[in-house]
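To start, the structure under review is shown below, and the notes come after it.
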Amino acid sequence: MTVIAMLSVAPVVEGSMASEVAKAVAALDDFDVSYETNPMGTVVEADDVDTLLAAVAAAHKAVDGDRVSTFLKIDDKRTRTQRASEKVDRVEAELGRAARRER
């Protein structure tokens, strides 16, 4: 089984959140997960939901602040193993091109 999630952790502050977001991303390194950060969050992959949730909890706790906002969306595919990249590959196959465009 594979669990794929979209994670966004950020302090509720004025100005740049980059240093605190970096702490959340760095916290994922202590777990057996793979991840890729993009402008809107971090896609995290784990072999099971318990590992994923432990990594997410560590990321949330790594951010300093009086108030921390965490968004988590989980895709728990229980019938087979699927990587996040496969999901993108399928969309790109349907499009017949890369699923991105530069302006």
Side-chain angles (χ1 to χ4, degrees):
M1 129 172 80
T2 305
V3 183
I4 302 169
M6 172 56 82
L7 172 66
S8 174
V9 181
V12 179
V13 296
E14 296 279 331
S16 177
M17 298 178 283
S19 64
E20 294 303 317
V21 171
K23 290 177 187 178
V25 172
L28 297 173
D29 290 337
D30 294 334
F31 298 86
D32 187 20
V33 299
S34 60
Y35 62 86
E36 181 177 350
T37 299
N38 62 57
M40 298 301 291
T42 300
V43 175
V44 183
E45 294 181 46
D47 289 335
D48 59 80
V49 73
D50 293 331
T51 301
L52 176 81
L53 292 174
V56 166
H60 177 83
K61 292 174 185 176
V63 175
D64 293 324
D66 294 335
R67 186 173 180 190
V68 177
S69 175
T70 296
F71 171 82
L72 178 64
K73 180 178 181 181
I74 298 173
D75 181 358
D76 186 2
K77 191 112 183 181
R78 296 177 176 176
T79 57
R80 70 179 188 89
T81 298
Q82 181 181 38
R83 296 283 173 225
S85 60
E86 292 176 58
K87 295 173 82 155
V88 175
D89 291 345
R90 285 186 170 187
V91 171
E92 289 181 339
E94 290 293 324
L95 284 170
R97 61 175 174 81
R100 68 180 72 83
R101 183 174 136 199
E102 299 292 325
R103 291 191 334 151

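Heads up: numbering here begins at 1 and tracks the sequence.
- In this structure, Ser34 has no side-chain hydrogen bond (donor to acceptor under 3.5 Å, both in side chains) partners at least two apart in sequence or on a different chain.
- Using a distance-only test at 3.5 Å, with no hydrogens or angles considered, no donor-acceptor pair links the side chain of Glu20 to the main chain of Met17.
- When atom types are taken as modelled, the side chain of Thr2 and the backbone of Gln82 share a donor-acceptor pair closer than 3.5 angstrom.
- Residues Val56 and Val33 are members of one and the same hydrophobic cluster, defined by side-chain heavy-atom contacts under 4.5 angstrom among Ile, Leu, Val, Met, Phe, Trp and Tyr.
- The 12-atom threshold is not exceeded at CD of Glu36, counting heavy atoms of other residues, nucleotides or ligands nearer than 6.0 Å.
- Residues Lys87 and Ile4 meet the side-chain proximity criterion, which asks for heavy atoms closer than 4.5 Å.
- In terms of modelled atom types and a separation under 3.5 Å, the side chain of Glu45 and the main chain of Ala84 share a donor-acceptor contact.
- A 4.5 Å side-chain heavy-atom check between Asp29 and Tyr35 finds at least one atom pair inside the cut-off.
- Between Thr42 and Val25, the closest side-chain pair of non-hydrogen atoms falls below 4.5 Å.
- Here CG of Leu72 is found 8.5 Å from OG1 of Thr70. Values are rounded to the nearest 0.5 Å.
- Around CG of Asn38, the count of heavy atoms belonging to other residues, nucleotides or ligands within 6.0 Å exceeds 12.
- By the rule that hydrophobic residues join a cluster once side-chain heavy atoms approach within less than 4.5 Å of another member, Phe71 and Val68 end up as members of separate clusters.
- The cluster map of Ile, Leu, Val, Met, Phe, Trp and Tyr, joined by side-chain heavy atoms under 4.5 Å apart, puts Val21 and Met6 in different clusters.
- Hydrophobic clustering (ILVMFWY, side-chain heavy atoms < 4.5 Å, transitive): Leu53 and Val44 are in one cluster.
- The shortest non-hydrogen separation linking Val9 to Ala59 is CG1-O, 3.9 Å.
- Residues Leu7 and Leu52 form no side-chain contact, since every pair of their non-hydrogen atoms from C-beta on lies 4.5 Å or further apart.
- The two residues Glu92 and Ala99 have their closest heavy-atom pair at OE2-N, 3.0 Å.
- Shown here for Thr51 and Asp32, the closest heavy-atom pair between the two residues is CG2-O, 3.8 Å.
- Minimum interatomic distance between Ala58 and Phe31 (heavy atoms only, all atoms of both residues): CB-CE1, 3.4 Å.
- Looking at residues two or more places apart in sequence or on another chain, you find no side-chain hydrogen bond (donor to acceptor under 3.5 Å, both in side chains) involving Asp89.
- Rounding to the nearest 0.5 angstrom, the gap separating the CZ atom in Arg90 from the CD atom in Glu94 is 9.5 Å.
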